[in-house]
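This report refers to the structure that appears directly beneath it.
By convention in this document, chain letters (A, B, ...) are assigned in the order of the sequence lines, proteins followed by strands, and residues within each chain are numbered from 1.
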2 protein chains.
Amino acid sequence: MTQVSITDIAAAAGVSASTVSRALQDNPRISPARRDEIKALAAQMGYRPSQVARSLVTGCTHTLGVVVTDVTDPFVAEVMKAAEAASRTAGYTLLFASSDRDPERELEAIRLLLDRQVDGLIVVSGRAGPRYAEIRSAAGATPATWPLVLVNNEQAGPGIYSVQVDNRAGAIRAITYLKALGHRRIAFVAGPERGRSSRERLEGYRQGLAANGLELRNAQVVGGAGLLEDGPRALAALMGLAEPPTAVLCYNDLAAIGLLAAAAHAGMKVPAELSVIGYDNIPLSAYSVPPLTTIDQPKAEMGRLSVAMCLQALDGQPVSNVTLEGQLILRESTTQLSSGV
Amino acid sequence: MTQVSITDIAAAAGVSASTVSRALQDNPRISPARRDEIKALAAQMGYRPSQVARSLVTGCTHTLGVVVTDVTDPFVAEVMKAAEAASRTAGYTLLFASSDRDPERELEAIRLLLDRQVDGLIVVSGRAGPRYAEIRSAAGATPATWPLVLVNNEQAGPGIYSVQVDNRAGAIRAITYLKALGHRRIAFVAGPERGRSSRERLEGYRQGLAANGLELRNAQVVGGAGLLEDGPRALAALMGLAEPPTAVLCYNDLAAIGLLAAAAHAGMKVPAELSVIGYDNIPLSAYSVPPLTTIDQPKAEMGRLSVAMCLQALDGQPVSNVTLEGQLILRESTTQLSSGV
DNA sequence: CGAATTTGCGCAAACGTTTGCACCAATCAA
DNA sequence: TTGATTGGTGCAAACGTTTGCGCAAATTCG
């Protein structure tokens, strides 16, 4: 026994398929008696409408595509979770694809999802730079078709929207706080090179230094990728310096937690000997040892908003980009610079 | 300009739609010259086949549904990541839904995905117990249609498969190891009550105790949900005991990391005063302070296998359930019991 | 050289819906 | 009574593919 279709019900009820279709949609042109009868029959026969057939005719799949760099990143997961909840309550389902941080794969994933006729797309922490507009026009998209919303990123273009946090401001806040604690040599562990948020946070770091009258030393910014593994490498590089920093701002919490682990392993006291600040405020940051001072990103809000914006655009409404503020969460990985150092 | 369809190409090439369809499929009945001509035209016009139209006629969407308790759980995310990669290389896309650990929502998600005509379903850490078979027959599924594979769970039924780790054995291994280190009072932080893996790990804990001639004290198993937040509560409960444990096995790494944080906060030395073992070997467990001794689950393997099994079943091949072994990963959260205690 | 086969392509049905339009019967207003 | 309106329903096209079948032309075979 295969799926029961609308014509099966029509046959059973002795009416036409169109009547069944209309009855199930509560079309007023169907008499209430028939409607109830048909609905009862449908329920009894366990009818479930085929979304694919419906999509074919309506041209709308009620599906949003979400492509991420890596689900394994707690920031990404948190955004996805909220996006899933929001889309579900709106009657949408999520098609999921992962790019593994490869811009090529990211674009490929977008194309794949478009082939599946997603109504809109959400890209979390995308790395495809200016190529979104290109792929959009290549797909023959008018400004009104399949909105693309970029989370934690920003690119101009018709039908391309973004929701992000003010990365620069967050970093500046962190630096200012560290300066107030007496720190003068503050390092930075950078994020993935292609990421827009990486650049912005680095920029914020620089501006923060300048605004606080602190000197920027190139050796104090070390490369990274926003991963746990960054921590040990970064710590080694930083501690090898003639004048090691007394505080460090990391691209994200993952790198910061990696740094914490490396410090503990090296027998270095945090925050006594080194203050550490992360970025994102992932749930784990409250449970690191010591608990991590960090800059919050309203991840759930971002996820929720990303689908809201998608839906709004689909609805033909004007949608404006949003950039939220991320506040500094004070925990125990930062402290006053002891006078001795 | 909307999407270019097969008939547009047919018109441009001066052939029929069926010829175009066949040409693109490399059907041998189309002459090579025509085929190349059509392919070139299709490429030039930017043709991308509509998967939904295709699905309607073939009855196969090349889509797998994956429903999880919570993407935010690193174990789940790790499994999903591998599943996504595997399905992508097999030409399948993933439809994603989250249950938020609610069995009702989990079933609802399954129904939703079925309406979308997914070819198969993967449920990670499902909590719906015996109701999978029920929903399967309600959907009029024959044993051959939409395979359902359960990750980190097991249920009998036609078309229902499972890939899991031997939870009991893993727990026993942990207890045996702790006993070898001299521990005699070993506590357990339990997982979510409805989870099958919770029950099995608890059972393994009990059997491990018994097998090592250790006494089971009910007060030494405390409730939890497999979350970071479990840690502080569990530690408080355990340390309030007249004879507090010298070691503790946790349902998963998250709870263990929470426990580590709580211990640090309480000024308690791990492992000197308390040995801690987790379960899952999530990436973070290598970066906790101290690094966590844990029982590995081959998460990537499980994700990969889950889609492989799905595809195998779809292919009509017989598929057998698999249960993997999870080895103990020794790190620094466990140590020899100091003689004084 | 005629018959049988092969090659290359088009027709049309099918998948399961939605929806514009036409149609008939009943009701209503005049 | 007649004409117009309304209420209820069915017909058929459409969405974009795939695929069984049929048919003509070209090729092969005896």
### Message
For a side-chain contact (heavy atoms from CB on, under 4.5 Å) check, start with the C-alpha distance between Thr61(B) and Arg116(B), then their side-chain angles and the critical distance, and finish with the verdict.
### Response
CA-CA 9 Å; Thr61(B) 55; Arg116(B) 298 295 223 262; over 6 Å; no
### Message
Glu104(A) and salt bridge (Lys or Arg N to Asp or Glu O under 4.0 Å): which single residue from Arg131(A), Arg127(A), Arg111(A) fits?
### Response
Arg131(A)
### Query
Would one find a side-chain N or O of Ser16(A) under 4.0 angstrom from OP1 or OP2 of dG10(D)?
yes
### Task
Write down the distance between CG (Leu56(B)) and C1' (dC15(C)), rounded to a whole number of angstrom.
4 Å
#### Entry: Shortest non-hydrogen contact from Glu84(A) toward Leu94(A)
CA-CD2, 3.5 Å
### Query
Starting at the 5' end of DNA chain C and moving along, which residue's nearest nucleotide shows up first, Val20(B) or Gln25(A)?
Val20(B)
### Query
Any side-chain N or O of Gln117(B) less than 4.0 Å from the OP1 or OP2 oxygen of dG16(C)?
no
### Summary
Between Lys81(A) and Asp100(B) the two heavy atoms that sit nearest each other are CE-OD1, 3.7 Å
### Message
Can you measure Ile6(A) atom CD1 to dG16(C) atom C1' for me and round it to whole angstrom units?
### Response
8 Å
### Task
Give a yes or no on whether a salt bridge exists between Asp102(B) and Arg194(B), defined as a side-chain N under 4.0 angstrom from a carboxylate O.
no
## Note on the structure
Per the under-4.0 Å heavy-atom filter, residues of residues 29-37 of chain A near DNA chain D come out as Arg29(A), Ile30(A), Ser31(A), Arg34(A)
### Query
Atom CD of Gln3(B) to atom C1' of dT17(D): distance rounded to whole Å?
13 Å
## Note on the structure
From CG of Asn27(B) across to C1' of dT17(D) the rounded distance in Å is 15 Å
### Task
Show the numbers, then the answer: is there a salt bridge (Lys or Arg N to Asp or Glu O under 4.0 Å) between Glu108(B) and Arg105(B)?
CA-CA 5 Å; Glu108(B) 192 47 38; Arg105(B) 289 246 287 251; over 6 Å; no
### Query
Is it the case that Gln317(A) and Asp315(A) place a side-chain donor and acceptor less than 3.5 Å from each other?
yes
### Query
Could you give the CD1-to-P distance, from Ile9(A) to dG10(D), as a whole number of Å?
14 Å
### Task
Start with the C-alpha gap between Gln117(B) and Thr63(B), add the side-chain angles, then the distance that decides, and say whether side-chain contact (heavy atoms from CB on, under 4.5 Å) holds.
CA-CA 8 Å; Gln117(B) 325 297 130; Thr63(B) 293; over 6 Å; no
## Note on the structure
Of the candidates dT19(D), dG10(C), dT18(C), the side chain of Ser21(A) sits closest to dT18(C)
### Query
Rounded to the Å, how far apart are Leu24(A) CG and dT17(C) P?
9 Å
### Query
Yes or no on side-chain contact (heavy atoms from CB on, under 4.5 Å) for Val124(A) and Phe75(A), after CA distance, side-chain angles and deciding distance?
CA-CA 10 Å; Val124(A) 185; Phe75(A) 167 78; 4.3 Å; yes
### Task
Could you list by number each residue of residues 43-55 of chain B showing a heavy-atom separation from DNA chain C of less than 4.0 Å, or answer none if no residue does?
none
### Query
If you measure from the Lys or Arg side-chain nitrogens to the Asp or Glu carboxylate oxygens, is any gap between Glu37(A) and Arg34(A) under 4.0 Å?
yes
### Task
Tell me, with the steps shown, if Leu64(A) and Leu311(A) meet side-chain contact (heavy atoms from CB on, under 4.5 Å).
CA-CA 9 Å; Leu64(A) 262 27; Leu311(A) 267 31; 3.9 Å; yes
Dump the pairs, protein N or O against N or O of nucleotides 12-14 of chain C, anything under 3.5 Å, distances to one decimal.
none

